[in-house]
Number of protein chains: 2
Amino acid sequence: MKRTRKPNDVTTPPKIDIRGVASLARVSIATVSRTINHVPTVDPVLASRVWKAVSELNYFPNTQARALVSGKSRLLGLVVSEITNPFFPELIQEFEQIAVARGYEILIGSTNYETKTMEVCARRMLERQVDGVAIMTFGIEDFLLDRFTADNIPYVFIDPAPSRPLNSVLAVDYRAGIYEGVQHLAVLGHRNIGFISGPLTRRSAQSRKAAFLSCLQSTGLKANPEWLIEGNHALDGGRDAMQKILALPTWPTAIICSNDMTAIGLQHALFEANLRVPDDFSLIGFDDIHLAEYTIPPLTTVRMSCRELATRAIDNLLSRLKPLDNPAESATKITTRLIVRQTTGLPRNTLQDLPQMPATTPRKR
Amino acid sequence: MKRTRKPNDVTTPPKIDIRGVASLARVSIATVSRTINHVPTVDPVLASRVWKAVSELNYFPNTQARALVSGKSRLLGLVVSEITNPFFPELIQEFEQIAVARGYEILIGSTNYETKTMEVCARRMLERQVDGVAIMTFGIEDFLLDRFTADNIPYVFIDPAPSRPLNSVLAVDYRAGIYEGVQHLAVLGHRNIGFISGPLTRRSAQSRKAAFLSCLQSTGLKANPEWLIEGNHALDGGRDAMQKILALPTWPTAIICSNDMTAIGLQHALFEANLRVPDDFSLIGFDDIHLAEYTIPPLTTVRMSCRELATRAIDNLLSRLKPLDNPAESATKITTRLIVRQTTGLPRNTLQDLPQMPATTPRKR
DNA sequence: TACCCCACGGAAAACGTTTACACTAGGCAT
DNA sequence: ATGCCTAGTGTAAACGTTTTCCGTGGGGTA
């Protein structure tokens with residue numbers, strides 16, 4: 001025998017493990033394991049002795065050991081672009097609540113839009129043996145996905161990722177919400193509408209932009225390439241984009257942003273330039289983060305439900321974990337819809353007789 | 001023999017584990033382990049064979065197994081109050097970057113201010129065998145801390161927690177920053193200053209409030225209990241607090257908030273009430289989240305450095321992990337300082353000749 | 001009374017690592 | 001030539017669980 005369990009060392013307190021519980025309850029470790037895993041065939045007398053010992057010792061099972069032998073970590077990965085963009089914490093919160101309700105915990109990865117960091121995150125997910133991963137960021141490399149496939153770990157993309165199998169992509173209906181936004185502006189009399197996209201290396205940014213252009217067209221409006229600016233989904237990108245527009249010889253009267261942080265950046269730039277929202281510019285955001293209700297003035301925006309996103313992502317993952325259930329392959333899209341607040345109004349220099357602005361939509365999630 | 005490693009099953013792909021690498025590299029698993037852990041005594045020839053096999057198989061070690069045997073998870077816990085309050089994601093981001101730089105990963109827990117959730121978080125930290133925990137929220141129960149102690153897991157409180165041993169508390173110098181704020185307002189001519197605290201069940205909220213009162217006194221100003229309102233560190237709490245103040249017969253001319261989200265809530269309430277900042281009310285926040293620079297108008301606030309917080313917390317934890325290093329027990333406090341932007345100005349109905357407001361402080365982190 | 005079956009508990013293998021210890025060569029000094 | 005030391009590798013124990021398989025005892029049936 002090379003190494004032996006150290007003999008009863010009176011100086012160090014005894015380790016609290018399954019063996020300790022077993023000996024205190026005067027049963028075998030197998031019975032302890034069965035009890036705490038709620039296997040129904042345990043004698044109630046022994047079970048109560050076990051529970052007594054568990055609470056007496058304040059015992060928690062070791063997750064590592066448990067995962068090692070069972071091959072299931074009960075951990076779900078969530079990879080997002082940037083944790084400091086308030087949209088993602090909201091998503092994370094929903095994701096966590098739903099995961100916990102389903103008996104899982106979550107491991108968060110934030111890529112900060114860097115490919116390198118993305119790789120580190122994916123690697124971490126792999127190393128920690130997550131049971132599934134939801135990915136809401138751009139630019140994951142194929143070899144990483146292959147490794148997920150090799151380890152039989154299901155993944156789901158939130159946002160289109162066309163090169164992936166269908167069952168691993170959760171489509172968001174960008175068009176519906178943006179169309180409502182364009183219509184809303186058109187009804188108010190806007191004819192010149194700009195769009196601030198996210199970083200165009202990102203597929204979802206491209207989709208939102210494409211959705212905007214398509215909506216514009218079906219509303220019968222013309223796109224002006226000068227008013228299509230690439231942002232970065234963050235405050236500073238929004239501010240910079242607005243400054244670029246203000247430097248242009250002709251301005252749009254309304255601007256749609258591909259996320260709320262960008263819109264808040266625009267609001268700030270307009271404030272700095274002494275221009276007023278919605279009197280000088282109408283603004284529409286995207287996401288409907290909590291903060292959108294509190295900007296000055298409150299932001300009209302397209303709501304995408306974090307809860308729906310999280311639920312669908314987790315259910316997708318979980319359904320693929322247990323092949324017994326029929327995967328059902330529902331191809332429905334995540335819905336989006338316009339929430340009208342106060343950053344949209346009549347276009348500048350217009351005195352047409354137009355319908356009153358509807359009141360602020362009450363927030364209900 | 002009860003269970004045997006399944007015989008070469010041609011249908012399932014071979015598991016990629018340390019044994020696979022070992023056999024491909026024609027060495028023992030011990031050599032593989034030593035190689036990937038950079039033990040210096042490995043023959044370079046064998047090592048290169050191992051690395052070749054590793055990259056060929058795209059092998060990642062199993063963290064669970066690794067943690068199980070070594071007893072170290074290389075995981076640091078971080079428990080925060082509420083992930084949707086933007087301050088915390090900023091802290092999380094810093095914490096993660098520093099942890100990664102030190103060779104650790106992080107596990108995030110968000111308590112949502114609920115004792116029950118706090119317990120679940122702590123339990124999770126225990127179960128996942130974190131090597132240390134940083135806690136920035138209120139109301140952790142003693143028995144949980146005892147369990148950390150029993151498992152020899154160091155913990156550190158960010159925020160005063162007087163009943164804990166000194167080396168496990170990172171003190172924040174609330175007074176310094178708030179004092180600057182009060183002075184700043186006093187110089188502008190404000191005599192009537194209100195304060196919106198966090199939930200007073202929280203020790204840190206009490207500290208900030210106590211710091212404010214003490215600063216008021218040393219500036220020679222009187223506190224009005226009607227202007228001391230309890231908020232919830234969130235947007236709606238700020239809005240509600242401001243509405244309470246506006247319902248009062250006499251108003252303060254300036255209000256200090258115990259965090260930025262509260263201040264943004266106040267700004268919103270003032271906007272709704274058609275009052276102007278800083279013309280009608282001066283406002284000061286606390287934390288200096290990224291967003292503070294982008295509010296309308298940009299928020300004057302007390303900066304607390306997330307990076308400093310994170311660095312100190314992690315170094316504290318890590319120093320206690322290796323008892324060889326002298327713990328050094330540095331009792332310095334986390335510094336805070338005022339960042340003057342545009343929500344502070346002369347008090348209402350005042351036409352004294354006072355110094356110009358300084359320009360916006362450029363943001364540098 | 002004899003037999004069988006069922007319910008339940010315990011012993012022990014297995015999960016994928018790290019690491020203590022044993023062992024083998026080879027180099028060097030005597 | 002012999003002995004000793006060192007460098008480097010391999011074997012196997014150990015980590016704390018889950019889970020399989022077997023044994024035992026009790027109750028029901030013929």
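Scope of the values below: all heavy atoms of this structure, side chains included, with no hydrogens, waters or symmetry mates. In this text, all values refer to a predicted model and were calculated from it rather than measured experimentally. Letters A, B, ... are given to chains in the order of the sequence lines, protein chains preceding strands, and every chain is numbered from 1.
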message = Would you say that B:Leu317 contacts B:Tyr155 through its side chain, given a criterion of any heavy-atom pair below 4.5 Å between the two side chains?
response = no

key: Distance test, side-chain N/O of A:Tyr59 to OP1/OP2 of D:dG16, below 4.0 Å   = no

task = Output yes when at least one side-chain N/O atom of B:Ser70 is less than 4.0 Å from OP1 or OP2 of C:dT17, else no.
result = no

message = Here's a test for you: under side-chain hydrogen bond (donor to acceptor under 3.5 Å, both in side chains), which of A:Thr111, A:Asn112, A:Thr117 qualifies with A:Glu114?
response = A:Thr117

message = Rounding to an integer number of Å, can you tell me how far A:Arg26 CZ sits from C:dG9 P?
response = 14 Å

remark   = By nearest-nucleotide position on DNA chain D, the 5'-leaning member of B:Ile29 and B:Ala47 is B:Ala47

inquiry  = Rounded to whole Å, please give me the gap between NZ in A:Lys72 and C1' in D:dT19.
reply    = 16 Å

request  = Quickly work out the A:Ile36 CD1 to C:dG9 C1' distance and round it to whole Å.
outcome  = 16 Å

For atom CZ of A:Arg66 and atom P of D:dT19, their distance in whole Å = 9 Å

ask   = In whole angstroms, how far is the P atom of C:dG9 from the CD1 atom of A:Ile18?
value = 14 Å

ask   = When the nearest nucleotide of DNA chain C is assigned to A:Val42 and to A:Ala65 on a heavy-atom basis, which residue is associated with the more 5' position?
value = A:Val42

task = Would you mind classifying the nucleic acid contact of B:Ser33 as base, sugar-phosphate or nothing, using non-hydrogen atoms under 4.0 angstrom?
result = base

task = May I ask you to say whether A:Lys52 pairs ionically with A:Glu56, meaning some side-chain N is under 4.0 Å from a carboxylate O?
result = yes

ask   = How long is the line joining CZ of A:Arg74 and C1' of D:dT17, in whole Å?
value = 15 Å

Donor-acceptor contact below 3.5 Å, side chain A:Arg307 vs main chain A:Glu94 = no

query = Of all the choices, C:dT17, C:dG10, D:dT11, which nucleotide is nearest to the side chain of B:Ser28 once you look at every atom?
reply = D:dT11

remark   = Per atom distances to the B:Asp43 side chain, the nearest of C:dT17, D:dG8, D:dT17 is D:dG8

request  = May I ask you to evaluate whether A:Asn37 reaches the phosphate of D:dT18, defined as a side-chain N or O under 4.0 Å from OP1 or OP2?
outcome  = yes

message = I'd like to check B:Val42 versus B:Thr31 (side-chain heavy atoms, cut-off strictly below 4.5 Å). Are they in contact?
response = yes

ask   = Does B:Arg34 or B:Gln64 map to a spot on DNA chain C nearer the 5' end, using the closest nucleotide for each?
value = B:Gln64

note = From CG of B:Leu68 across to P of D:dT18 the rounded distance in Å is 12 Å

ask   = Looking at D:dT18, C:dG9, D:dT11, which one has an atom nearest to any side-chain atom of B:Ala30?
value = D:dT11

inquiry  = Rounded to whole Å, how long is the line connecting atom CG of A:Asn62 with atom P of C:dT17?
reply    = 16 Å

